[in-house]
Amino acid sequence: MTVPHIGRIAAGALLPAAILVVWQLAASAGIYSAAQLPPPGEVLSALGELVRRGELWHHLAISTQRVLIGFAAGSALGLTLGGLVGLSRAASAVISPTVQAIRAVPSLAWVPLLLLWLGIGETPKIVLVAIGAFFPVYTTVSAALAHIDPHLIEVGRAYGRRGLPLLATVLFPAATPAILSGLRLGLAQGWLFLVAAELIASSMGLGFLLIDSQNTGRTDVMLLAIILLAVLGKLSDTLLGVVSKRAVTV
Amino acid sequence: MSAVPLKISGVAKEFTASGRRHAVLAGVDLEVAAGEVVALLGPSGCGKSTLLRLAGGLDTPTAGSVLVDGEPVREFEPRCAVVFQEPRLLPWRTLARNVAFGLPRDVTGDRARDEVAHWLSVVGLADFARHRPRQVSGGMAQRAALARALARRPGVLLLDEPFAALDALTRLRMQDLLADVQREAGTTVLLVTHDVDEALHLADRIVLLGASPDGPASVRLVLDVPGALPRDRGDAGLAALRSSLLGELGVRTPAAVAP
Ligand SMILES: Nc1ncnc2c1ncn2[C@@H]1O[C@H](COP(=O)(O)OP(=O)(O)OP(=O)(O)O)[C@@H](O)[C@H]1O
Ligand SMILES: [Mg+2]
(Lines give C-alpha, C1' and ligand atoms only; values in the text may rest on other atoms or scores of the structure.)
(Ligands and ions follow the chains in the order given, each with its own letter.)
Protein backbone atom coordinates (compact mmCIF):
# COMPACT_ATOMS: atom_id res chain seq x y z
CA MET A 1 0.00 0.00 0.00
CA THR A 2 1.41 3.39 -0.97
CA VAL A 3 1.79 6.35 1.36
CA PRO A 4 -0.84 8.54 -0.38
CA HIS A 5 -3.19 5.57 -0.15
CA ILE A 6 -2.75 5.36 3.62
CA GLY A 7 -3.12 9.14 3.79
CA ARG A 8 -6.48 8.92 2.03
CA ILE A 9 -7.75 6.23 4.36
CA ALA A 10 -6.62 8.30 7.35
CA ALA A 11 -8.41 11.36 5.92
CA GLY A 12 -11.57 9.32 5.51
CA ALA A 13 -11.37 8.11 9.10
CA LEU A 14 -11.13 11.66 10.43
CA LEU A 15 -14.85 12.43 10.42
CA PRO A 16 -16.00 9.12 12.00
CA ALA A 17 -13.44 9.65 14.77
CA ALA A 18 -14.76 13.17 15.36
CA ILE A 19 -18.34 11.90 15.46
CA LEU A 20 -17.29 9.27 17.99
CA VAL A 21 -15.74 11.94 20.23
CA VAL A 22 -18.79 14.22 20.03
CA TRP A 23 -21.06 11.25 20.69
CA GLN A 24 -19.08 10.30 23.79
CA LEU A 25 -19.10 13.91 25.04
CA ALA A 26 -22.82 14.32 24.43
CA ALA A 27 -23.60 11.04 26.19
CA SER A 28 -21.49 11.84 29.25
CA ALA A 29 -22.74 15.46 29.47
CA GLY A 30 -26.20 14.08 30.20
CA ILE A 31 -28.07 16.09 27.53
CA TYR A 32 -29.97 12.90 26.75
CA SER A 33 -30.69 10.06 29.12
CA ALA A 34 -28.71 6.85 28.69
CA ALA A 35 -31.85 5.24 27.27
CA GLN A 36 -32.00 7.86 24.56
CA LEU A 37 -28.30 8.08 23.77
CA PRO A 38 -26.11 5.31 25.18
CA PRO A 39 -22.36 6.05 24.99
CA PRO A 40 -20.24 4.31 22.32
CA GLY A 41 -18.94 1.84 24.89
CA GLU A 42 -22.42 0.44 25.47
CA VAL A 43 -22.98 -0.04 21.77
CA LEU A 44 -19.69 -1.91 21.66
CA SER A 45 -20.74 -4.19 24.48
CA ALA A 46 -24.09 -4.78 22.73
CA LEU A 47 -22.01 -5.89 19.76
CA GLY A 48 -20.05 -8.25 21.99
CA GLU A 49 -23.26 -9.62 23.46
CA LEU A 50 -24.76 -10.35 20.05
CA VAL A 51 -21.52 -11.96 18.89
CA ARG A 52 -21.39 -14.17 21.98
CA ARG A 53 -24.98 -15.30 21.56
CA GLY A 54 -24.15 -16.08 17.94
CA GLU A 55 -27.01 -13.88 16.72
CA LEU A 56 -25.03 -11.20 15.00
CA TRP A 57 -23.71 -13.50 12.34
CA HIS A 58 -27.24 -14.70 11.51
CA HIS A 59 -28.55 -11.18 11.10
CA LEU A 60 -25.63 -10.09 8.97
CA ALA A 61 -25.65 -13.22 6.83
CA ILE A 62 -29.36 -13.22 6.08
CA SER A 63 -29.42 -9.50 5.24
CA THR A 64 -26.38 -9.79 2.99
CA GLN A 65 -27.83 -12.83 1.29
CA ARG A 66 -31.11 -11.06 0.59
CA VAL A 67 -29.29 -8.07 -0.86
CA LEU A 68 -26.98 -10.15 -3.03
CA ILE A 69 -29.72 -12.34 -4.52
CA GLY A 70 -32.11 -9.43 -4.95
CA PHE A 71 -29.40 -7.23 -6.45
CA ALA A 72 -28.33 -9.96 -8.88
CA ALA A 73 -31.89 -10.47 -10.08
CA GLY A 74 -32.83 -6.77 -10.17
CA SER A 75 -29.67 -5.61 -11.91
CA ALA A 76 -29.86 -8.44 -14.47
CA LEU A 77 -33.37 -7.38 -15.34
CA GLY A 78 -32.32 -3.72 -15.30
CA LEU A 79 -29.46 -4.44 -17.72
CA THR A 80 -31.70 -6.40 -20.07
CA LEU A 81 -34.65 -4.03 -20.11
CA GLY A 82 -32.45 -0.93 -19.97
CA GLY A 83 -30.42 -2.30 -22.88
CA LEU A 84 -33.57 -2.94 -24.89
CA VAL A 85 -34.99 0.52 -24.22
CA GLY A 86 -31.63 2.23 -24.86
CA LEU A 87 -31.06 0.47 -28.17
CA SER A 88 -34.50 0.36 -29.70
CA ARG A 89 -36.74 3.36 -30.11
CA ALA A 90 -39.76 1.13 -30.53
CA ALA A 91 -39.04 -0.72 -27.29
CA SER A 92 -38.49 2.60 -25.57
CA ALA A 93 -41.82 3.96 -26.78
CA VAL A 94 -43.64 0.87 -25.51
CA ILE A 95 -41.80 0.22 -22.26
CA SER A 96 -40.41 3.41 -20.76
CA PRO A 97 -43.66 5.26 -19.84
CA THR A 98 -44.87 2.27 -17.84
CA VAL A 99 -41.54 1.68 -16.15
CA GLN A 100 -41.32 5.35 -15.20
CA ALA A 101 -44.78 5.22 -13.66
CA ILE A 102 -43.94 2.08 -11.67
CA ARG A 103 -40.73 3.75 -10.58
CA ALA A 104 -42.73 6.52 -8.90
CA VAL A 105 -44.23 4.02 -6.44
CA PRO A 106 -42.51 4.40 -3.04
CA SER A 107 -40.75 1.30 -1.76
CA LEU A 108 -43.03 0.82 1.25
CA ALA A 109 -46.11 0.77 -0.96
CA TRP A 110 -44.99 -2.56 -2.37
CA VAL A 111 -44.71 -4.33 0.95
CA PRO A 112 -48.39 -5.16 1.68
CA LEU A 113 -48.91 -6.42 -1.84
CA LEU A 114 -45.77 -8.54 -1.85
CA LEU A 115 -46.73 -10.07 1.50
CA LEU A 116 -50.18 -10.84 0.18
CA TRP A 117 -48.89 -12.49 -2.95
CA LEU A 118 -45.66 -14.06 -1.85
CA GLY A 119 -46.25 -14.90 1.82
CA ILE A 120 -43.85 -14.00 4.58
CA GLY A 121 -40.86 -16.11 3.55
CA GLU A 122 -37.67 -14.98 1.84
CA THR A 123 -39.25 -14.34 -1.54
CA PRO A 124 -41.03 -11.01 -0.84
CA LYS A 125 -37.87 -9.53 0.72
CA ILE A 126 -35.70 -10.58 -2.17
CA VAL A 127 -38.26 -9.29 -4.66
CA LEU A 128 -38.38 -5.94 -2.92
CA VAL A 129 -34.59 -5.66 -3.00
CA ALA A 130 -34.70 -6.60 -6.68
CA ILE A 131 -37.25 -3.85 -7.32
CA GLY A 132 -34.96 -1.41 -5.54
CA ALA A 133 -31.87 -2.47 -7.48
CA PHE A 134 -33.69 -2.59 -10.82
CA PHE A 135 -34.54 1.09 -11.30
CA PRO A 136 -31.14 2.79 -11.02
CA VAL A 137 -29.60 0.13 -13.27
CA TYR A 138 -32.43 0.36 -15.78
CA THR A 139 -32.31 4.16 -15.89
CA THR A 140 -28.55 4.55 -16.25
CA VAL A 141 -28.16 1.74 -18.77
CA SER A 142 -30.96 2.94 -21.03
CA ALA A 143 -29.74 6.55 -20.86
CA ALA A 144 -26.12 5.58 -21.46
CA LEU A 145 -26.90 3.44 -24.49
CA ALA A 146 -29.21 6.05 -25.97
CA HIS A 147 -26.56 8.78 -25.69
CA ILE A 148 -23.51 7.09 -27.18
CA ASP A 149 -21.54 9.34 -29.53
CA PRO A 150 -23.13 8.68 -32.96
CA HIS A 151 -19.71 9.21 -34.54
CA LEU A 152 -18.41 6.10 -32.80
CA ILE A 153 -21.43 4.07 -33.83
CA GLU A 154 -20.83 5.19 -37.40
CA VAL A 155 -17.20 4.05 -37.17
CA GLY A 156 -18.43 0.66 -35.98
CA ARG A 157 -20.81 0.37 -38.91
CA ALA A 158 -18.28 1.69 -41.42
CA TYR A 159 -15.91 -1.03 -40.26
CA GLY A 160 -18.45 -3.76 -40.79
CA ARG A 161 -19.98 -4.20 -37.32
CA ARG A 162 -23.72 -4.55 -36.97
CA GLY A 163 -26.07 -6.33 -34.59
CA LEU A 164 -24.35 -8.23 -31.81
CA PRO A 165 -20.75 -7.44 -32.89
CA LEU A 166 -21.64 -3.73 -32.88
CA LEU A 167 -23.12 -4.13 -29.40
CA ALA A 168 -20.06 -5.97 -28.14
CA THR A 169 -17.34 -3.82 -29.74
CA VAL A 170 -18.83 -0.31 -29.61
CA LEU A 171 -22.11 0.16 -27.77
CA PHE A 172 -21.44 -1.82 -24.63
CA PRO A 173 -17.84 -0.62 -24.07
CA ALA A 174 -18.90 2.98 -24.67
CA ALA A 175 -21.62 2.65 -22.04
CA THR A 176 -19.54 0.70 -19.53
CA PRO A 177 -18.62 3.55 -17.14
CA ALA A 178 -22.27 4.60 -16.88
CA ILE A 179 -23.41 1.01 -16.48
CA LEU A 180 -20.96 0.47 -13.62
CA SER A 181 -22.10 3.55 -11.77
CA GLY A 182 -25.69 2.40 -12.33
CA LEU A 183 -24.84 -0.93 -10.73
CA ARG A 184 -23.39 0.83 -7.69
CA LEU A 185 -26.49 2.98 -7.35
CA GLY A 186 -28.62 -0.16 -7.69
CA LEU A 187 -26.71 -1.90 -4.93
CA ALA A 188 -27.13 1.09 -2.61
CA GLN A 189 -30.84 1.23 -3.32
CA GLY A 190 -31.03 -2.55 -2.75
CA TRP A 191 -29.88 -1.97 0.84
CA LEU A 192 -32.50 0.77 1.29
CA PHE A 193 -35.28 -1.50 0.14
CA LEU A 194 -33.96 -4.38 2.24
CA VAL A 195 -34.48 -2.41 5.42
CA ALA A 196 -38.00 -1.50 4.29
CA ALA A 197 -38.75 -5.20 3.83
CA GLU A 198 -37.18 -6.34 7.08
CA LEU A 199 -38.76 -3.59 9.16
CA ILE A 200 -42.21 -4.81 8.35
CA ALA A 201 -42.17 -8.56 8.21
CA SER A 202 -39.23 -10.60 9.33
CA SER A 203 -37.71 -12.42 12.24
CA MET A 204 -34.10 -11.97 11.21
CA GLY A 205 -31.79 -9.48 9.58
CA LEU A 206 -30.59 -5.98 10.37
CA GLY A 207 -33.96 -4.38 9.70
CA PHE A 208 -35.53 -6.79 12.17
CA LEU A 209 -32.81 -5.94 14.67
CA LEU A 210 -33.80 -2.27 14.31
CA ILE A 211 -37.52 -2.76 14.87
CA ASP A 212 -36.92 -5.35 17.61
CA SER A 213 -34.60 -3.02 19.49
CA GLN A 214 -37.24 -0.32 19.32
CA ASN A 215 -39.83 -2.68 20.82
CA THR A 216 -37.51 -3.78 23.60
CA GLY A 217 -36.14 -0.30 24.30
CA ARG A 218 -32.57 -1.26 23.45
CA THR A 219 -31.21 1.96 21.97
CA ASP A 220 -27.68 0.53 22.00
CA VAL A 221 -28.74 -2.29 19.67
CA MET A 222 -30.61 0.21 17.50
CA LEU A 223 -27.48 2.32 17.06
CA LEU A 224 -25.48 -0.83 16.43
CA ALA A 225 -27.86 -1.92 13.65
CA ILE A 226 -27.60 1.50 12.00
CA ILE A 227 -23.82 1.43 12.17
CA LEU A 228 -23.74 -2.09 10.75
CA LEU A 229 -25.99 -1.03 7.84
CA ALA A 230 -23.65 1.86 7.11
CA VAL A 231 -20.58 -0.35 7.26
CA LEU A 232 -22.08 -3.12 5.11
CA GLY A 233 -23.37 -0.65 2.53
CA LYS A 234 -19.99 1.02 2.26
CA LEU A 235 -18.16 -2.30 2.18
CA SER A 236 -20.29 -3.77 -0.61
CA ASP A 237 -20.02 -0.55 -2.62
CA THR A 238 -16.22 -0.58 -2.27
CA LEU A 239 -16.07 -4.22 -3.32
CA LEU A 240 -18.22 -3.56 -6.38
CA GLY A 241 -16.03 -0.58 -7.19
CA VAL A 242 -12.87 -2.70 -7.06
CA VAL A 243 -14.40 -5.49 -9.13
CA SER A 244 -15.64 -3.08 -11.78
CA LYS A 245 -12.29 -1.30 -11.96
CA ARG A 246 -10.72 -4.68 -12.68
CA ALA A 247 -13.34 -5.39 -15.31
CA VAL A 248 -12.65 -2.10 -17.07
CA THR A 249 -8.87 -2.34 -17.16
CA VAL A 250 -8.61 -5.88 -18.59
CA MET B 1 -8.38 -6.57 -51.92
CA SER B 2 -7.13 -5.09 -55.18
CA ALA B 3 -8.06 -1.62 -56.30
CA VAL B 4 -11.52 -1.13 -57.76
CA PRO B 5 -13.03 1.76 -59.71
CA LEU B 6 -15.56 4.20 -58.28
CA LYS B 7 -18.25 5.80 -60.42
CA ILE B 8 -20.52 8.58 -59.22
CA SER B 9 -23.18 9.68 -61.69
CA GLY B 10 -25.84 12.34 -61.44
CA VAL B 11 -25.67 12.34 -57.68
CA ALA B 12 -27.77 14.82 -55.71
CA LYS B 13 -28.12 15.13 -51.96
CA GLU B 14 -30.65 17.13 -49.99
CA PHE B 15 -30.91 17.42 -46.23
CA THR B 16 -34.06 18.26 -44.38
CA ALA B 17 -33.34 20.42 -41.38
CA SER B 18 -36.20 21.74 -39.24
CA GLY B 19 -38.72 21.11 -42.01
CA ARG B 20 -36.72 22.95 -44.66
CA ARG B 21 -35.04 21.16 -47.52
CA HIS B 22 -31.50 22.13 -48.23
CA ALA B 23 -29.87 20.96 -51.47
CA VAL B 24 -26.15 20.38 -50.94
CA LEU B 25 -25.13 18.46 -54.06
CA ALA B 26 -26.72 18.25 -57.48
CA GLY B 27 -25.70 16.52 -60.69
CA VAL B 28 -22.31 15.37 -59.47
CA ASP B 29 -20.48 13.16 -61.96
CA LEU B 30 -17.13 11.73 -61.02
CA GLU B 31 -15.20 8.68 -62.12
CA VAL B 32 -12.15 7.35 -60.33
CA ALA B 33 -10.32 4.57 -62.15
CA ALA B 34 -8.91 1.59 -60.27
CA GLY B 35 -5.65 2.60 -58.64
CA GLU B 36 -6.15 6.28 -59.38
CA VAL B 37 -5.73 9.04 -56.81
CA VAL B 38 -8.28 11.82 -57.10
CA ALA B 39 -8.22 14.87 -54.85
CA LEU B 40 -11.49 16.60 -54.08
CA LEU B 41 -11.02 20.31 -53.53
CA GLY B 42 -13.55 22.95 -52.64
CA PRO B 43 -14.51 25.71 -50.22
CA SER B 44 -15.62 24.83 -46.72
CA GLY B 45 -19.21 23.65 -46.47
CA CYS B 46 -19.60 22.92 -50.18
CA GLY B 47 -20.35 19.23 -49.60
CA LYS B 48 -17.00 17.42 -49.88
CA SER B 49 -17.55 15.31 -46.78
CA THR B 50 -21.11 14.65 -47.90
CA LEU B 51 -19.90 13.32 -51.27
CA LEU B 52 -17.30 11.14 -49.57
CA ARG B 53 -19.95 9.68 -47.27
CA LEU B 54 -22.12 8.85 -50.25
CA ALA B 55 -19.17 7.09 -51.87
CA GLY B 56 -18.64 4.98 -48.76
CA GLY B 57 -22.28 4.06 -48.37
CA LEU B 58 -22.55 5.93 -45.07
CA ASP B 59 -25.44 7.90 -46.51
CA THR B 60 -27.74 7.51 -49.51
CA PRO B 61 -28.04 10.05 -52.32
CA THR B 62 -31.35 11.77 -53.02
CA ALA B 63 -30.81 11.06 -56.73
CA GLY B 64 -28.21 9.44 -58.95
CA SER B 65 -26.06 6.41 -58.38
CA VAL B 66 -22.76 5.38 -56.84
CA LEU B 67 -21.07 2.31 -58.28
CA VAL B 68 -18.15 0.54 -56.63
CA ASP B 69 -16.50 -1.84 -59.06
CA GLY B 70 -19.60 -1.62 -61.26
CA GLU B 71 -22.02 -2.60 -58.50
CA PRO B 72 -24.25 -0.21 -56.57
CA VAL B 73 -22.65 0.86 -53.32
CA ARG B 74 -24.05 -1.00 -50.31
CA GLU B 75 -24.87 0.42 -46.92
CA PHE B 76 -21.50 0.84 -45.14
CA GLU B 77 -19.74 -0.56 -48.19
CA PRO B 78 -17.29 -3.28 -47.13
CA ARG B 79 -14.98 -2.60 -50.09
CA CYS B 80 -14.37 0.97 -48.91
CA ALA B 81 -12.49 2.23 -45.88
CA VAL B 82 -13.09 5.72 -44.54
CA VAL B 83 -10.75 7.99 -42.62
CA PHE B 84 -12.99 10.65 -41.10
CA GLN B 85 -12.21 14.30 -40.63
CA GLU B 86 -11.75 13.49 -36.91
CA PRO B 87 -9.74 10.42 -35.77
CA ARG B 88 -12.79 8.75 -34.19
CA LEU B 89 -10.74 6.14 -32.38
CA LEU B 90 -12.47 3.98 -29.80
CA PRO B 91 -11.20 5.61 -26.58
CA TRP B 92 -11.25 2.42 -24.49
CA ARG B 93 -8.99 0.53 -26.90
CA THR B 94 -5.24 0.87 -27.28
CA LEU B 95 -3.91 2.17 -30.60
CA ALA B 96 -3.01 -1.40 -31.57
CA ARG B 97 -6.52 -2.64 -30.82
CA ASN B 98 -7.95 0.31 -32.72
CA VAL B 99 -5.91 -0.65 -35.77
CA ALA B 100 -7.04 -4.25 -35.29
CA PHE B 101 -10.62 -2.97 -35.46
CA GLY B 102 -10.02 -2.30 -39.16
CA LEU B 103 -8.80 -5.81 -40.02
CA PRO B 104 -10.98 -7.91 -42.30
CA ARG B 105 -13.02 -10.50 -40.41
CA ASP B 106 -10.96 -13.45 -41.71
CA VAL B 107 -7.62 -12.10 -40.44
CA THR B 108 -7.09 -13.50 -36.94
CA GLY B 109 -4.45 -14.80 -34.55
CA ASP B 110 -0.79 -14.35 -35.41
CA ARG B 111 -1.56 -12.91 -38.80
CA ALA B 112 -3.71 -10.24 -37.18
CA ARG B 113 -0.91 -9.37 -34.76
CA ASP B 114 1.59 -9.10 -37.61
CA GLU B 115 -0.71 -6.95 -39.70
CA VAL B 116 -1.38 -4.57 -36.81
CA ALA B 117 2.34 -4.28 -36.06
CA HIS B 118 3.02 -3.68 -39.76
CA TRP B 119 0.51 -0.86 -40.17
CA LEU B 120 1.48 0.74 -36.88
CA SER B 121 5.09 0.89 -37.98
CA VAL B 122 4.08 2.18 -41.40
CA VAL B 123 2.47 5.22 -39.76
CA GLY B 124 5.33 5.51 -37.25
CA LEU B 125 3.41 4.48 -34.15
CA ALA B 126 5.15 1.19 -33.32
CA ASP B 127 6.27 2.58 -29.95
CA PHE B 128 2.76 3.68 -29.04
CA ALA B 129 0.91 0.44 -29.70
CA ARG B 130 -0.26 0.18 -26.11
CA HIS B 131 -1.21 3.82 -25.61
CA ARG B 132 -4.82 4.86 -25.45
CA PRO B 133 -6.11 7.56 -27.82
CA ARG B 134 -6.28 10.20 -25.08
CA GLN B 135 -2.60 9.62 -24.29
CA VAL B 136 -1.39 10.60 -27.76
CA SER B 137 -1.50 13.82 -29.76
CA GLY B 138 -4.21 14.62 -32.28
CA GLY B 139 -1.82 13.99 -35.12
CA MET B 140 -0.85 10.59 -33.77
CA ALA B 141 -4.50 9.70 -33.32
CA GLN B 142 -5.17 10.65 -36.94
CA ARG B 143 -2.26 8.46 -38.05
CA ALA B 144 -3.71 5.55 -36.09
CA ALA B 145 -7.02 6.17 -37.85
CA LEU B 146 -5.19 5.97 -41.18
CA ALA B 147 -3.56 2.70 -40.10
CA ARG B 148 -6.99 1.34 -39.15
CA ALA B 149 -8.29 2.11 -42.63
CA LEU B 150 -5.20 0.64 -44.33
CA ALA B 151 -5.51 -2.53 -42.24
CA ARG B 152 -8.78 -3.16 -43.98
CA ARG B 153 -6.94 -3.40 -47.32
CA PRO B 154 -9.79 -1.59 -49.02
CA GLY B 155 -10.58 -1.48 -52.71
CA VAL B 156 -11.28 2.23 -52.35
CA LEU B 157 -9.71 4.40 -49.68
CA LEU B 158 -11.84 7.42 -48.78
CA LEU B 159 -9.93 10.13 -46.93
CA ASP B 160 -11.62 13.19 -45.47
CA GLU B 161 -8.93 15.80 -44.84
CA PRO B 162 -6.88 13.19 -43.01
CA PHE B 163 -3.88 15.45 -42.50
CA ALA B 164 -5.59 18.76 -41.79
CA ALA B 165 -4.96 18.53 -38.04
CA LEU B 166 -1.27 17.66 -38.37
CA ASP B 167 1.61 20.10 -37.99
CA ALA B 168 3.21 21.13 -41.26
CA LEU B 169 6.20 18.78 -41.03
CA THR B 170 4.22 15.71 -40.01
CA ARG B 171 1.77 16.50 -42.75
CA LEU B 172 4.50 16.42 -45.39
CA ARG B 173 5.77 13.14 -43.99
CA MET B 174 2.28 11.64 -43.93
CA GLN B 175 1.69 12.73 -47.53
CA ASP B 176 4.84 10.92 -48.61
CA LEU B 177 3.79 7.92 -46.59
CA LEU B 178 0.36 7.86 -48.20
CA ALA B 179 2.00 8.13 -51.62
CA ASP B 180 4.27 5.17 -50.78
CA VAL B 181 1.46 3.02 -49.42
CA GLN B 182 -0.75 3.86 -52.34
CA ARG B 183 1.92 2.97 -54.86
CA GLU B 184 2.70 -0.27 -53.08
CA ALA B 185 -0.91 -1.41 -52.69
CA GLY B 186 -2.25 0.34 -55.79
CA THR B 187 -5.39 1.34 -53.92
CA THR B 188 -7.95 3.67 -55.44
CA VAL B 189 -7.98 6.85 -53.38
CA LEU B 190 -10.53 9.66 -53.10
CA LEU B 191 -8.93 12.37 -51.00
CA VAL B 192 -10.81 15.38 -49.70
CA THR B 193 -8.50 18.25 -48.92
CA HIS B 194 -8.34 22.00 -48.39
CA ASP B 195 -4.71 22.06 -49.30
CA VAL B 196 -3.91 22.80 -52.94
CA ASP B 197 -0.28 21.72 -52.52
CA GLU B 198 -1.36 18.42 -51.00
CA ALA B 199 -3.65 17.82 -53.96
CA LEU B 200 -0.91 18.68 -56.44
CA HIS B 201 1.60 16.46 -54.67
CA LEU B 202 -0.56 13.36 -54.33
CA ALA B 203 -3.26 13.30 -56.98
CA ASP B 204 -3.43 12.08 -60.55
CA ARG B 205 -6.43 14.31 -61.01
CA ILE B 206 -7.93 17.19 -59.07
CA VAL B 207 -11.68 17.69 -58.95
CA LEU B 208 -12.93 21.06 -57.88
CA LEU B 209 -16.31 21.06 -56.21
CA GLY B 210 -18.17 24.33 -56.11
CA ALA B 211 -21.56 25.90 -55.80
CA SER B 212 -23.45 28.56 -57.56
CA PRO B 213 -24.27 31.17 -54.90
CA ASP B 214 -26.75 29.56 -52.47
CA GLY B 215 -27.37 26.63 -54.79
CA PRO B 216 -26.20 23.04 -54.59
CA ALA B 217 -22.62 22.19 -55.49
CA SER B 218 -21.37 20.13 -58.38
CA VAL B 219 -18.11 19.45 -60.17
CA ARG B 220 -16.80 22.75 -61.46
CA LEU B 221 -13.46 21.72 -62.84
CA VAL B 222 -11.41 18.58 -63.42
CA LEU B 223 -7.66 18.93 -63.84
CA ASP B 224 -5.13 16.33 -64.85
CA VAL B 225 -1.97 16.87 -62.88
CA PRO B 226 1.01 16.41 -65.17
CA GLY B 227 4.02 14.37 -64.17
CA ALA B 228 4.26 10.87 -62.78
CA LEU B 229 3.97 10.09 -59.09
CA PRO B 230 5.89 10.48 -56.80
CA ARG B 231 6.04 14.16 -57.56
CA ASP B 232 8.69 16.61 -56.53
CA ARG B 233 7.29 19.27 -54.24
CA GLY B 234 9.42 21.95 -55.87
CA ASP B 235 8.27 21.09 -59.40
CA ALA B 236 8.16 24.42 -61.21
CA GLY B 237 5.74 23.06 -63.79
CA LEU B 238 3.05 22.85 -61.14
CA ALA B 239 3.31 26.51 -60.14
CA ALA B 240 0.96 27.69 -62.88
CA LEU B 241 -1.57 25.00 -62.02
CA ARG B 242 -1.30 25.96 -58.39
CA SER B 243 -2.09 29.60 -58.91
CA SER B 244 -4.98 28.87 -61.25
CA LEU B 245 -6.43 26.47 -58.67
CA LEU B 246 -6.03 29.04 -55.93
CA GLY B 247 -7.65 31.55 -58.23
CA GLU B 248 -10.61 29.23 -58.71
CA LEU B 249 -10.89 28.93 -54.94
CA GLY B 250 -10.97 32.71 -54.68
CA VAL B 251 -7.45 33.25 -53.40
CA ARG B 252 -5.48 35.92 -55.24
CA THR B 253 -1.85 35.05 -55.84
CA PRO B 254 0.78 37.29 -57.43
CA ALA B 255 0.94 34.87 -60.35
CA ALA B 256 -2.81 34.96 -60.82
CA VAL B 257 -3.02 38.74 -60.96
CA ALA B 258 0.03 39.15 -63.14
CA PRO B 259 -0.85 39.62 -66.82
N1 LIG C 1 -26.49 15.28 -41.54
C2 LIG C 1 -26.71 16.52 -42.04
N3 LIG C 1 -27.90 17.12 -41.84
C4 LIG C 1 -28.14 18.35 -42.35
N5 LIG C 1 -27.25 19.06 -43.05
C6 LIG C 1 -26.06 18.51 -43.29
C7 LIG C 1 -25.72 17.21 -42.80
N8 LIG C 1 -24.45 16.93 -43.18
C9 LIG C 1 -24.03 18.00 -43.88
N10 LIG C 1 -24.98 18.95 -43.95
C11 LIG C 1 -24.85 20.23 -44.66
O12 LIG C 1 -24.26 19.98 -45.91
C13 LIG C 1 -23.36 21.03 -46.25
C14 LIG C 1 -22.04 20.42 -46.66
O15 LIG C 1 -21.43 19.81 -45.53
P16 LIG C 1 -20.06 19.03 -45.66
O17 LIG C 1 -19.69 18.57 -44.31
O18 LIG C 1 -20.18 18.00 -46.72
O19 LIG C 1 -19.07 20.18 -46.16
P20 LIG C 1 -17.52 20.10 -46.43
O21 LIG C 1 -17.29 20.52 -47.82
O22 LIG C 1 -16.96 18.78 -46.02
O23 LIG C 1 -16.96 21.23 -45.45
P24 LIG C 1 -15.57 21.29 -44.68
O25 LIG C 1 -14.54 21.57 -45.70
O26 LIG C 1 -15.73 22.46 -43.74
O27 LIG C 1 -15.39 19.99 -43.99
C28 LIG C 1 -23.32 21.95 -45.06
O29 LIG C 1 -24.09 23.08 -45.35
C30 LIG C 1 -23.93 21.18 -43.94
O31 LIG C 1 -24.65 22.05 -43.11
MG1 LIG D 1 -15.78 18.12 -44.49
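Letters A, B, ... mirror the listed sequences (proteins, then strands); counts begin at 1.
For a residue to count as touching a neighbouring chain, one of its non-hydrogen atoms must lie under 4.5 Å from one of that chain's; by this rule P91(B) touches chain A with the side chain only. Residue L103(B) does not touch chain A at all, counting heavy-atom pairs closer than 4.5 Å. Only the side chain of R53(B) comes within contact range of chain A, with heavy atoms under 4.5 Å apart. In this structure, chain B has no heavy atom under 4.5 Å from any part of T176(A). If you measure heavy-atom distances from R148(B) to chain A, the contacts under 4.5 Å come from both the backbone and the side chain.
Ranked by heavy-atom pairs under 4.5 Å with chain B, the first of P165(A), A174(A), G160(A) is A174(A). Most heavy-atom pairs under 4.5 Å with chain A, from the set E77(B), E86(B), E75(B): that is E86(B).
Residue-environment remark: CZ (R93(B)) exceeds the threshold of 12 foreign heavy atoms within 6.0 Å. Enclosure of atom NE2 in H118(B) by more than 12 non-hydrogen atoms of other residues, nucleotides or ligands within 6.0 angstrom is indicated. Counted within 6.0 Å of CZ on R183(B), heavy atoms from surrounding residues, nucleotides or ligands total more than 12; the atom is thus considered enclosed.
Because its NZ or CZ atom is both nearer than 6.0 Å to the ring centre of F101(B) and within 45° of the ring axis, R161(A) counts as a cation-pi partner of that residue. A cation-pi arrangement, defined by a distance under 6.0 Å to the six-membered ring centre and an angle within 45 degrees of its axis, is absent between R162(A) and F76(B).
Taking a cutoff of 4.0 Å between a charged side-chain nitrogen and a carboxylate oxygen, E154(A) and R88(B) qualify as a salt bridge.
Using a 4.5 Å heavy-atom cutoff, the side chains of R157(A) and L58(B) are not in contact. A 4.5 Å side-chain heavy-atom check between Y159(A) and R152(B) finds at least one atom pair inside the cut-off.
Here CG of L90(B) is found 7.5 Å from OG1 of T169(A). Values are rounded to the nearest 0.5 Å.
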